[in-house]
Participant: 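Got a structure for you, questions after.
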Number of protein chains: 2
Amino acid sequence: MFWVATSCFAERLAKQVPLSDAEKRALIRLEENPRKVKRGGMIQRVNDTVTELFVLREGRVMSFVILPDGSRQILRVYFPGDFIGSASTIYSKAPESLVALSDVIVCPFDKHALRRLLEESPRVAALLFLLSNAERVAMTDRLAALGRTSAKARVAAFLLDMFDRLRVTDDSIVDSFDLKLTQEEIGDSIGLTSVHVNRMIRQMELEGLISRSNGRITLNDMARLEEIGHYTNRLKDMDLDWLPVS
Amino acid sequence: MFWVATSCFAERLAKQVPLSDAEKRALIRLEENPRKVKRGGMIQRVNDTVTELFVLREGRVMSFVILPDGSRQILRVYFPGDFIGSASTIYSKAPESLVALSDVIVCPFDKHALRRLLEESPRVAALLFLLSNAERVAMTDRLAALGRTSAKARVAAFLLDMFDRLRVTDDSIVDSFDLKLTQEEIGDSIGLTSVHVNRMIRQMELEGLISRSNGRITLNDMARLEEIGHYTNRLKDMDLDWLPVS
DNA sequence: CGAACACTTGATAAAAGTCAAACGACGTGG
DNA sequence: CCACGTCGTTTGACTTTTATCAAGTGTTCG
């Protein structure tokens with residue numbers, strides 16, 4: 001059977017900046033070994049020796065750490081097209097765990113394959129560098145949220161962030177989406193208890209800011225949610241024009 | 001007068017991985033235009049159009065954001081040899097402000113200079129990519145601290161982090177260092193008020209964990225501080241052996 | 001059908017914030 | 001050279017926010 005090779009990651013990058021065929025081929029090679037992981041399955045365990053990175057092709061993955069007292073901090077929720085586990089480029093022991101939030105397809109590749117990619121395609125190297133800077137900015141937004149905003153603001157910002165990120169790869173999303181996270185997981189993402197997350201969500205529902213039906217969230221008043229959450233969508237107005245031309 | 005060109009940044013990188021002369025020369029070019037900024041001076045203002053990045057050669061710089069209610073979140077404190085403002089590689093408007101915490105020397109360079117560097121020296125590009133992943137991991141540590149640890153733990157982790165990072169470039173440091181931050185600035189870094197930071201510091205001083213004399217902090221019991229702060233030094237055990245050889 | 005799991009709500013406790021006042025160091029201008 | 005103002009630190013009293021504990025309500029899935 002004939003099968004057209006695709007790269008989830010290349011598609012994602014191509015939304016930001018045009019890619020040459022050679023670059024696309026290089027990116028496709030990163031996704032040569034798709035692997036299915038069941039919901040709840042561990043993709044990477046903290047402190048394990050790792051030499052692999054991943055492209056997430058389908059489903060959702062979270063990265064997190066567990067502190068000595070047993071509490072969990074979710075560091076990031078990943079969506080299709082995301083580049084995961086780049087910490088293994090500098091650390092031979094994983095600083096964080098990766099678990100599938102749904103049934104997923106991940107494409108692992110060795111960091112030596114990444115090395116080859118960086119050598120062969122400087123422009124892709126630059127893109128990866130930029131992408132990791134974008135991740136850094138997303139992280140600083142969350143840092144500011146955890147350090148300086150109220151529980152309600154964090155929930156609002158969290159919902160908007162999920163929404164905007166999902167919309168990058170799913171054009172069908174208008175004002176509602178499946179969260180596919182428990183309230184406990186939301187809490188572990190934004191530094192709250194599940195109980196308090198619930199109170200905030202209920203309150204926002206009563207105020208008509210959002211509505212819910214079996215796990216699906218509808219954002220009824222985005223302007224106000226953005227105000228409450230001090231949210232700015234970083235996915236708009238990225239500027240990659242200065243990149244080397246291919 | 002003859003002057004030997006140096007690169008603070010190259011020196012820093014060379015501690016991780018050997019650099020070729022060509023690579024060193026390329027890095028030196030980034031620092032061709034040193035600029036002095038007085039303590040308190042603004043290097044970059046949030047939302048301003050930016051096309052420059054910086055290498056910090058001397059002194060200390062902080063990046064931060066101000067939220068609509070006026071509260072400030074300090075995102076990162078930078079030390080000599082650090083690479084600053086990389087967000088401008090993707091955003092034409094600065095997502096964060098940069099202010100000198102002491103009299104500093106920064107070396108601005110245009111992102112087009114960075115582009116040339118990436119094109120000419122794939123190995124340096126790879127190094128930058130790795131470095132930004134290291135920053136990302138540092139950020140996740142702080143995220144976990146803000147989200148899931150107590151005020152005391154955050155202060156302990158903050159002090160240890162400063163200590164370990166300063167020691168990278170200053171071999172003379174044994175167990176004490178100049179913080180050069182007000183308690184308000186510490187609070188704005190770790191999501192606490194200055195009042196509460198003070199209480200935690202006073203408490204740790206009474207317990208003999210740390211001592212102070214005119215702005216200089218001495219860490220008396222690092223093992224216990226690490227335990228309290230759930231701290232791991234990420235600067236040890238980085239592994240860059242897999243990088244392309246030059 | 002029932003066990004497990006997520007959600008919801010109430011009562012109470014703990015952690016950190018706010019407000020206010022006082023102290024000390026430091027630098028500047030009269 | 002000293003007086004004064006500014007800034008950072010320290011401490012106390014009180015408030016607010018969020019966590020904790022506990023119990024009850026669906027819902028789903030074997």
Side-chain angles (χ1 to χ4, degrees), chain A residues 38-40 62 67 69-74 99 101-103 145-159 178-207 210-217 228-229, chain B residues 38-40 62 67 69-74 99 101-103 145-159 178-207 210-217 228-229:
Chain A
K38 280 249 168 287
R39 179 190 149 95
M62 64 173 173
L67 297 183
D69 68 349
S71 63
R72 173 177 68 174
Q73 175 67 45
I74 295 180
V99 162
L101 285 166
S102 63
D103 291 355
L146 295 209
R148 286 288 178 242
T149 77
S150 69
K152 195 173 174 186
R154 289 185 225 174
V155 172
F158 183 80
L159 293 177
D178 283 317
L179 199 46
K180 286 181 182 155
L181 290 173
T182 66
Q183 294 177 358
E184 180 155 21
E185 285 162 344
I186 298 174
D188 286 349
S189 294
I190 57 181
L192 297 171
T193 58
S194 59
V195 173
H196 207 60
V197 168
N198 179 267
R199 285 194 235 271
M200 295 300 107
I201 286 182
R202 299 282 301 128
Q203 187 186 326
M204 289 163 79
E205 199 178 16
L206 284 174
E207 289 171 7
I210 61 173
S211 37
R212 294 177 302 157
S213 64
N214 40 12
R216 197 165 182 84
I217 304 272
I228 291 171
Chain B
K38 282 249 166 284
R39 179 191 149 93
M62 64 174 176
L67 297 183
D69 68 349
S71 63
R72 172 177 70 175
Q73 177 67 45
I74 296 180
V99 162
L101 284 166
S102 62
D103 291 355
L146 295 209
R148 285 292 179 237
T149 78
S150 69
K152 195 174 173 186
R154 289 186 225 174
V155 172
F158 182 80
L159 293 177
D178 282 317
L179 199 46
K180 285 179 180 157
L181 289 174
T182 66
Q183 293 178 358
E184 180 154 22
E185 286 161 344
I186 299 174
D188 286 348
S189 296
I190 57 180
L192 297 171
T193 58
S194 60
V195 174
H196 207 60
V197 168
N198 181 267
R199 285 194 236 272
M200 295 301 108
I201 286 182
R202 299 282 303 128
Q203 186 186 329
M204 289 163 79
E205 199 177 16
L206 284 173
E207 289 172 8
I210 62 174
S211 37
R212 294 177 302 157
S213 64
N214 40 14
R216 198 166 180 82
I217 304 271
I228 291 171

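In the text below, chain A, chain B and the rest are named by the order of the sequence lines, each starting its count at 1. What's counted below: heavy atoms across the whole structure, side chains too, no hydrogens, waters or symmetry copies.
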Participant: Does a distance-only test, which skips hydrogens and angles, find a donor-acceptor pair under 3.5 Å between the side chain of A:R212 and the base of C:dT8?
Facilitator: no
Participant: Tell me: CZ of A:R199 to C1' of D:dT17, nearest whole Å?
Facilitator: 11 Å
Participant: Let's test your reading of the model: under 3.5 Å, does the base of D:dT18 pair with the side chain of A:R154 as donor and acceptor?
Facilitator: no
Participant: Nearest-Å distance, CG (B:L192) to C1' (C:dG17)?
Facilitator: 10 Å
Participant: If I take atom CG in residue A:N214 and atom C1' in nucleotide D:dT28, what distance separates them, rounded to the nearest angstrom?
Facilitator: 12 Å
Participant: What is the distance, rounded to the nearest whole Å, between atom CD1 of A:I186 and atom P of C:dC5?
Facilitator: 19 Å
Participant: Any side-chain heavy atom of A:K152 sitting closer than 4.5 Å to one from A:I228?
Facilitator: yes
Participant: What is the distance, rounded to the nearest whole Å, between atom CD of A:E205 and atom P of C:dT9?
Facilitator: 9 Å
Participant: So what does B:G215 touch, heavy atoms closer than 4.0 Å: a base, only the sugar-phosphate, or nothing?
Facilitator: nothing
Participant: Pick base, sugar-phosphate or nothing for A:T182, based on heavy-atom distances below 4.0 Å to the nucleic acid.
Facilitator: sugar-phosphate
Participant: Ignoring backbone atoms, test whether B:R202 places a side-chain nitrogen or oxygen under 4.0 Å from the OP1 or OP2 oxygen of D:dT11.
Facilitator: yes
Participant: Is there side-chain contact between A:I217 and A:D178, with heavy atoms separated by less than 4.5 Å?
Facilitator: no
Participant: Can you tell me how far P of C:dG10 sits from CD of A:Q203, to the nearest Å?
Facilitator: 13 Å
Participant: Kindly indicate whether the side chain of A:R154, heavy atoms from C-beta on, has any atom under 4.5 Å from the side chain of A:L146.
Facilitator: yes
Participant: Rounded off to whole Å, could you give me the CD-to-C1' distance for the A:E185 and C:dA6 pair?
Facilitator: 11 Å
Participant: Would you please confirm or rule out a distance under 4.0 Å between OP1 or OP2 of C:dT8 and any side-chain N or O of A:N198?
Facilitator: yes
Participant: With a 4.0 Å limit, can you tell me whether B:Q183 has a side-chain N or O closer than that to the phosphate oxygens OP1/OP2 of D:dC7?
Facilitator: no
Participant: Whole angstrom is fine here: how far is it from CG in B:L146 over to P in C:dG17?
Facilitator: 11 Å
Participant: With nearest nucleotides of DNA chain C determined for A:I201 and B:H196 from heavy-atom distances, which residue corresponds to the more 5′ nucleotide?
Facilitator: A:I201
Participant: Could you check if a side-chain atom of A:H196 sits within less than 4.5 angstrom of a side-chain atom of A:T193, using non-hydrogen atoms only?
Facilitator: yes
Participant: Apply salt bridge (charged side-chain N to carboxylate O under 4.0 Å, His left out) to the pair A:R202 and A:E207, showing each step before the final yes or no.
Facilitator: CA-CA 9 Å; A:R202 299 282 301 128; A:E207 289 171 7; over 6 Å; no
Participant: Identify whether any heavy atom of B:S150 sits under 4.0 Å from a base atom; if not, whether one sits that close to sugar-phosphate; answer base, sugar-phosphate or nothing.
Facilitator: sugar-phosphate
Participant: Can you find a side chain N or O atom of B:R148 that sits less than 4.0 Å from OP1 or OP2 on D:dT18?
Facilitator: no
Participant: B:A151 side chain: which of C:dG17, C:dT9, C:dA16 is closest?
Facilitator: C:dA16
